[in-house]
Amino acid sequence: MRITLLTFLFALLTSNAAARIRNGYEAELANARISANALRVLLQEPSISARKQKALHHYLNQYARFFAAFEATEKVIAEFKRISPDIYAQADTLQDESGREVDVFIQCIRSYTKRSHCPGTTSIRYSNSDWPISVTIKVWILNDVFTILAHELGHAIYQVQNFSSYRPFYMDKYRSLDTETHVGHHPRDLSGKASYAIEDRFLKDYLRFKWAGGKRENIVGYYYRMYKGFRNDYDTLPLLPVNENPVIMVDE
């Protein structure tokens with residue numbers, strides 16, 4: 001896994017609401033829906049050229065991938081909660097050392113468009129006063145995405161709860177590291193040990209889940225079903241009323 005610590009300059013953007021696990025795509029969802037709807041309206045123009053039509057389909061295809069990733073993330077969060085409710089609750093009510101709530105944003109991403117060589121990454125956003133504001137976890141869309149997510153949640157929980165001591169350790173051990181492969185798993189990195197402990201808890205929860213007759217979703221298959229559905233039928237893309245459409249210009 002990889003961990004990055006990101007300075008967030010404006011603490012005023014933090015929410016006073018209780019911490020919770022959130023879909024990392026939700027902040028972009030409304031604008032994506034509006035833009036996709038506007039592109040669909042443009043496609044209905046009777047005099048549209050072949051070149052413009054091709055460009056519009058290209059952009060709609062990107063939105064199809066976005067909405068499929070959003071839906072896959074929703075499914076992963078819901079399935080994880082079903083399989084391991086205790087770990088979910090621990091992350092869903094995450095607080096730092098001073099009792100401040102910290103949101104955990106989760107995003108499922110396609111592995112073959114990755115910039116990272118790691119199937120899971122954890123990033124902590126923190127204020128100028130060096131206290132954690134939020135966590136973003138990105139996990140590849142793989143069949144073992146739930147185990148990867150459990151691993152990253154272990155990192156997130158430990159780092160947020162021990163941020164004042166972990167940040168100096170991170171800066172000392174990893175700041176000059178050329179490769180990200182071993183970041184988070186130095187022999188003395190307690191975050192790495194916590195990640196394996198949470199992962200082990202999840203695997204035990206999953207065994208109990210299976211023994212009780214539970215079945216989890218194949219997330220790779222689910223993502224592609226969502227993507228193909230959106231791509232093959234643009235009318236299924238999330239829709240807003242036409243009067244909320246922005247004006248989108250596509251050059252000839």
Side-chain angles (χ1 to χ4, degrees), residues 6 8 10 12-82 88 92 103-115 121 123 125 133-142 145 149 217-252:
L6 307 175
F8 187 57
F10 302 103
L12 291 177
L13 292 181
T14 57
S15 172
N16 292 324
R20 62 186 178 97
I21 290 177
R22 303 174 66 175
N23 189 320
Y25 292 105
E26 66 183 21
E28 305 169 56
L29 187 60
N31 284 337
R33 291 172 64 198
I34 293 171
S35 297
N37 192 42
L39 292 171
R40 285 164 51 187
V41 171
L42 289 174
L43 269 176
Q44 296 170 7
E45 293 180 356
S47 60
I48 186 172
S49 68
R51 181 180 177 184
K52 180 183 285 187
Q53 188 176 55
K54 182 178 179 180
L56 291 174
H57 278 286
H58 169 76
Y59 290 120
L60 278 168
N61 189 57
Q62 299 305 307
Y63 283 116
R65 293 191 184 281
F66 172 86
F67 292 122
F70 172 84
E71 295 293 345
T73 302
E74 287 285 283
K75 180 64 71 173
V76 166
I77 292 172
E79 292 283 273
F80 192 95
K81 184 177 182 179
R82 278 203 313 137
Y88 180 93
D92 197 43
D103 283 327
V104 178
F105 294 91
I106 296 172
Q107 287 184 320
C108 292
I109 62 174
R110 293 178 297 147
S111 61
Y112 51 85
T113 59
K114 61 189 179 297
R115 294 181 180 179
T121 62
S123 302
R125 180 175 280 185
I133 293 172
S134 65
V135 178
T136 297
I137 293 175
K138 295 185 179 182
V139 290
W140 290 359
I141 299 172
L142 301 172
V145 63
L149 177 56
E217 185 75 47
N218 179 321
I219 294 300
V220 175
Y222 183 83
Y223 168 81
Y224 282 107
R225 287 198 304 275
M226 294 293 102
Y227 167 63
K228 289 178 181 178
F230 291 141
R231 184 194 63 188
N232 295 335
D233 184 2
Y234 292 127
D235 286 341
T236 64
L237 287 171
L239 185 62
L240 287 178
V242 174
N243 60 10
E244 294 189 41
N245 290 334
V247 175
I248 297 182
M249 302 300 294
V250 179
D251 292 335
E252 290 288 346

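Treat the numbers as computed from the prediction; the structure is a model and nothing was measured.
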Say whether, by atom type as modelled, one donor and one acceptor occur between the side chain of S134 and the main chain of R125 under 3.5 angstrom. no

Can the positive tip of R65 be found less than 6.0 Å from the middle of the six-membered ring of Y227, inside 45° of the ring normal? yes

Has N23 got a side-chain atom pairing as donor or acceptor with F70's backbone, closer than 3.5 angstrom? yes

So, taking the atom named OH in Y222 and the one named CD in E71, what distance separates them when rounded to the nearest 0.5 Å? 5.0 Å

How close do A69 and C108 get, counting heavy atoms only, and between which atoms? CB-O, 3.8 Å

So how far is it from F80 CZ to K75 NZ, rounded to the nearest 0.5 Å? 16.0 Å

Shortest non-hydrogen contact from F67 to A36? CE1-CB, 4.0 Å

I77 and I21, any side-chain heavy atoms less than 4.5 Å apart: yes

Gap separating the OG atom of S49 from the NZ atom of K54, nearest 0.5 angstrom: 11.5 Å

Check: W140 and I109 side chains under 4.5 Å, non-hydrogen atoms: yes

When every non-hydrogen atom of I48 is compared with those of L42, the smallest separation belongs to CD1-O, 3.8 Å

Please answer whether the main-chain N or O of K228 pairs with a side-chain N or O of N232 as donor and acceptor at a distance below 3.5 Å. yes

Going from CG on L60 to CG on L43, what distance comes out if it is rounded to the nearest 0.5 angstrom? 5.5 Å

Non-hydrogen side-chain atoms of L149 and I137 separated by less than 4.5 Å: yes

Output the distance between atom CD (E74) and atom CD1 (I106), rounded to the nearest 0.5 Å. 10.5 Å

Would you give the length of the straight line joining atom CD of Q107 to atom OH of Y25, rounded to the nearest 0.5 angstrom? 4.5 Å

Carefully, step by step, assess E217 and R82 under the rule salt bridge (charged side-chain N to carboxylate O under 4.0 Å, His left out). CA-CA 11 Å; E217 185 75 47; R82 278 203 313 137; over 6 Å; no

Lys/Arg-Asp/Glu bridge criterion (N-O < 4.0 Å) met for E26, R22: yes

Quick check against the 3.5 Å criterion: does Y223 have a side-chain atom that pairs as donor or acceptor with the backbone of R110? no

Would you name the heavy atoms of A68 and F230 that are closest together and state the gap between them? N-CE1, 3.8 Å

